[in-house]
Every structure is written in structure tokens, then in C-alpha cells.
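Following: one structure in C-alpha cells, then a few remarks.
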Amino acid sequence: MNYNKKTVKDVDVAGKKVLLRCDFNVPMAKDGSGVITDDKRIRAALPTLQYLLEQGAAVIACSHMGKPKGEVKPELSLKPVAARLSELLGREVIMADDVVGADAMAKAAALQPGQVLLLENTRFEKGETKNDPELAKALASMAQLYVSDAFGAVHRAHASTAGVAEYLPAVSGFLIQKELEVIGGALDNPKRPLVAILGGSKVSSKIGVINNLLEIADTIIIGGGMAYTFSAAQGGKIGDSLFEADWQEYANEMVAKAAQKGVKLLLPVDTVCGDKFAADAKSMTVDAGMIPDGWEGMDIGPKTVELYCSAVKDAGTVIWNGPMGVFEFPAFAKGTEAVAQALSNTDAITIIGGGDSAAAVQQLGYADKMTHISTGGGASLEFMEGKELPGVACLLDR
Ligand code: ADP
Ligand code: MG
């Protein structure tokens, strides 16, 4: 795919104040200790940040975290991010007490080339999620250039992800460029065969992806909770499995559409079910469509694992979105793990989108075996649906 947006390399940043939108929405320990449990997103921002500093820019970084809904919530402060970022960069990160208040404005005004300022959680401002032009203008007033590198937030048209681009020249950083080149390349001009593995909890959250991938993939593999709606639609018994009655017709349509387009659509042939939704549930394996009452499907079964693993073996490209089962419970993680392992053993380009899928691959220890793990769950999903991303559309074309 030809990436057609300007990047930091296409503009002169020396001596400029640069507003850099990052995705520092990192997971924090639940105990309020301020411990960041996974700093992958902070690390992912480093190449662009370091480049800007090396080129002599003064960097005003900003990000959202969580959902404070326009209120100042101390537990969602970016202060722990500033500390971690400073460790990773090996230089001081000045923390502002607010987003566009007096403290942020004064610190931004005093910022020198080579220095980094981090604004507070942009969602402490009510105008952020409303894409309020006043907030966008206030953010823009601190800088001479806007750089977006928050891939995880590009599907949102918020003040700091899109609105600000109305008031400043706007270009992308290296992370957005990489995400769009890798995922976009797989969608536009994949090395074939292109195999898409779709799982996760609900059909309803993956409709757009299934639809769009049916147009381009050679094989589509269905797993996870949504497989049971397909099974029920075909008259299978699914016990207490995840089920969306309203989507049965859609599931059948997708099966028909795949047949009509010559896309191979694979559904589970067996399933591991549990007698309750819990880590210590009793489990047994049954053929697909044969789940007894009182039991629910929690993972794909061994025959399905074999079928799916052989389907990815000779793939040119694999796009994976959605775990094959309730991988959070070790007893029901085998299907997801087997697929992760199969991907790690292919020569295919392997792309993981979706927040939980990325977490699963990481947790199971296969992260460094994949070609690309997206940093943006919702963003990668919308990109795979073929939707326009407002945080990208607002950037200058090359
Ligand atoms: P992603 O974030 O990768 O797009 P989703 O959010 O769609 O994935 O789904 C992930 C969730 O789906 C996981 O928390 C997993 O436990 C759940 N899941 C997978 N299979 C099942 C199942 N058979 N029953 C219930 N939940 C499931
Ligand atoms: Mg998810």
C-alpha cells in the first residue's frame, strides 16, 4: 500500500514546538498504586518522539487514558506515564497539571528544543470526546506543528486526535505509518493465500470485518464465541453458549456469500465446553452443534485445531482478530495457543489486530514470532472493516 500521508520526515521540525498526540492509554494496576502493567504503547511512541528531539523540536506530548468523562480523576492521571517515559527516554519529562489550563500553557510557552512536556489526560477536558473546536484551538495554540502517532485512537474524531488538525499543519509519526503500511498492505495487496481468522466474543462486533474480509480473503476461519451463533443458525444445539439470536440470519448470509464468492469459510467441527463460565469449570469435548443443555462452548476442540492449523500452514498472509476461546482461563486457552503456535511456524506475514487477541498472543509467549501486532484494538478493527479513520483522514496528503 502506498502510504499517502505526510510524516515527520516530510516537514521541517527543527526549532519548532510540536504537539504530539500519542496513545499512552496503558493498563494500570487495579490497586491504584500507579504501576503500569504493560508499557508497550509507551515504547511504541519512542521512535517518533526520539526523532523529533534529535531534529531539535520541543515536544508537547498528549494522550487520553481511560474514560474520565470530562472530569479530573487522579487515578487516571498521566503522571505515571511521564515517569515511565522519562526512564525510557533517559531524559526529563516535564508534567503539566492540566491539559490546556494555566500550568500547561506556561510550561508549553517555556519549553525549549530538546525538551519534552506531557499534558494531563486529554479526557479530563469535556471538549475532548465532543471534538470541541475551542479545546482543539487551545491545544493548537501551544505548538506550530501537530504530529499524530496515536494509532490506537485514530478511529475517534476527538479534539486531540482530529479537531486540532484544523488549526495546525498535521502530519503522522512512524507508528501510524507502520500500522497503516503493514495492515493496509495485507488488505490491498496481500501475499496469497490470505487467511483471515476471526474470533472473539460476538458476531455483532465483527460484522464489518467479516463483511470486508469476505471481499478479499481466500479463507475465513471462524472461532471464539461468535461461532455458536453460526452453529445455532445451522440448527446446531449450542447449550448455554454465547448466542446472538438476532444475528443468525446474518450468519447464514455470510456462509452463503462465502460460497458464492469462492471463499473457503471454516467453522468449528468440535468444541470444548464447560459446565459453567469459570476457570475451574468441568470440561468435555463434543462435536459442533451437539452441546448439551447446561454446558457452554468455551474453546475450539482438537479436531478443529487440526483443521485450522493446516489451513494457515501454507498461507501467504494471515490476519488474526479475536481469540478462539476463553483464553483467560488456562483450561480453555488451548485453541488460541495452538493457532498462535501455528502462526509462529508459518512463513506467512502474520498480523494480529484486536486488543484481546494481541493480549492473548503476548500472554501465551508468541508476540515476537508475529510480523505485526497492532497497538490499536478498535482502530485496527475499523481499518479492517474498510472504514475511514478520522485521525488519519485529517492529516496532510503527501
Ligand atoms: P479482540 O479484542 O481481539 O477484537 P474480542 O473483544 O472480540 O477480541 O473478544 C475477546 C473475548 O472473547 C475474550 O475476552 C474471550 O474470553 C472471549 N471469548 C472467546 N471465545 C469465547 C467463548 N467461547 N465464550 C465466551 N467468550 C469467549
Ligand atoms: Mg476486545
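In what follows, every heavy atom counts, from backbone to side chain, and hydrogens, waters and symmetry copies are set aside. By convention here, the first residue in the shown sequence is residue 1. Ligands are counted one by one from 1 in listed order, and the atoms in each one are counted from 1 as well.
Here the Mg ion (ligand 2) has protein N, O or S atoms under 2.8 Å from it, and they come to 1.
Near Tyr228, meaning under 4.0 Å from any of its heavy atoms, are these atoms of ligand 1: 23 (N). Atoms of ligand 1 lying under 4.0 Å from any heavy atom of Pro323, numbered from 1 in the order shown and given with element: 3 (O), 8 (O), 10 (C).
The shortest N or O to N or O distance between Gly224 and ligand 1 is not below 3.5 Å. Ligand 1 has no nitrogen or oxygen under 3.5 angstrom from a nitrogen or oxygen of Met324.
For Phe327 and Phe332, the ring centers sit 6.0 Å or farther from each other. Close placement of the Phe277 and Phe329 rings is indicated, their centers lying within 6.0 Å of each other.
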Contacts under 3.5 angstrom, residues 220-234 side chains, donor-acceptor by atom type, not counting sequence neighbours:
{"residue": "Tyr228", "atom": "OH", "partner": "Thr271", "partner atom": "OG1", "Å": "2.8"}
{"residue": "Thr229", "atom": "OG1", "partner": "Glu244", "partner atom": "N", "Å": "3.0"}

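Atom CG of Asp347 sits in a sparse spot, with 12 or fewer heavy atoms from other residues, nucleotides or ligands closer than 6.0 Å.
Heavy atoms of Leu242 found under 4.0 angstrom from ligand 1 belong exclusively to the side chain. Contact annotation for Leu381 and ligand 1: no heavy atom of the residue comes within less than 4.0 Å of the ligand. The side chain of Glu328, and not its backbone, has at least one atom closer than 4.0 Å to an atom of ligand 1 (non-hydrogen atoms only; side chain from C-beta on).
Remark: among candidates Met384, Lys202, Met226, Lys206, the nearest residue to atom 4 (O) of ligand 1 is Lys206, based on non-hydrogen atoms. Comparing Ser205, Gly325, Ser241 against atom 18 (N) of ligand 1, the shortest heavy-atom distance belongs to Gly325.
Under the 4.0 angstrom criterion for non-hydrogen atoms, Gly377 is not in contact with ligand 1.
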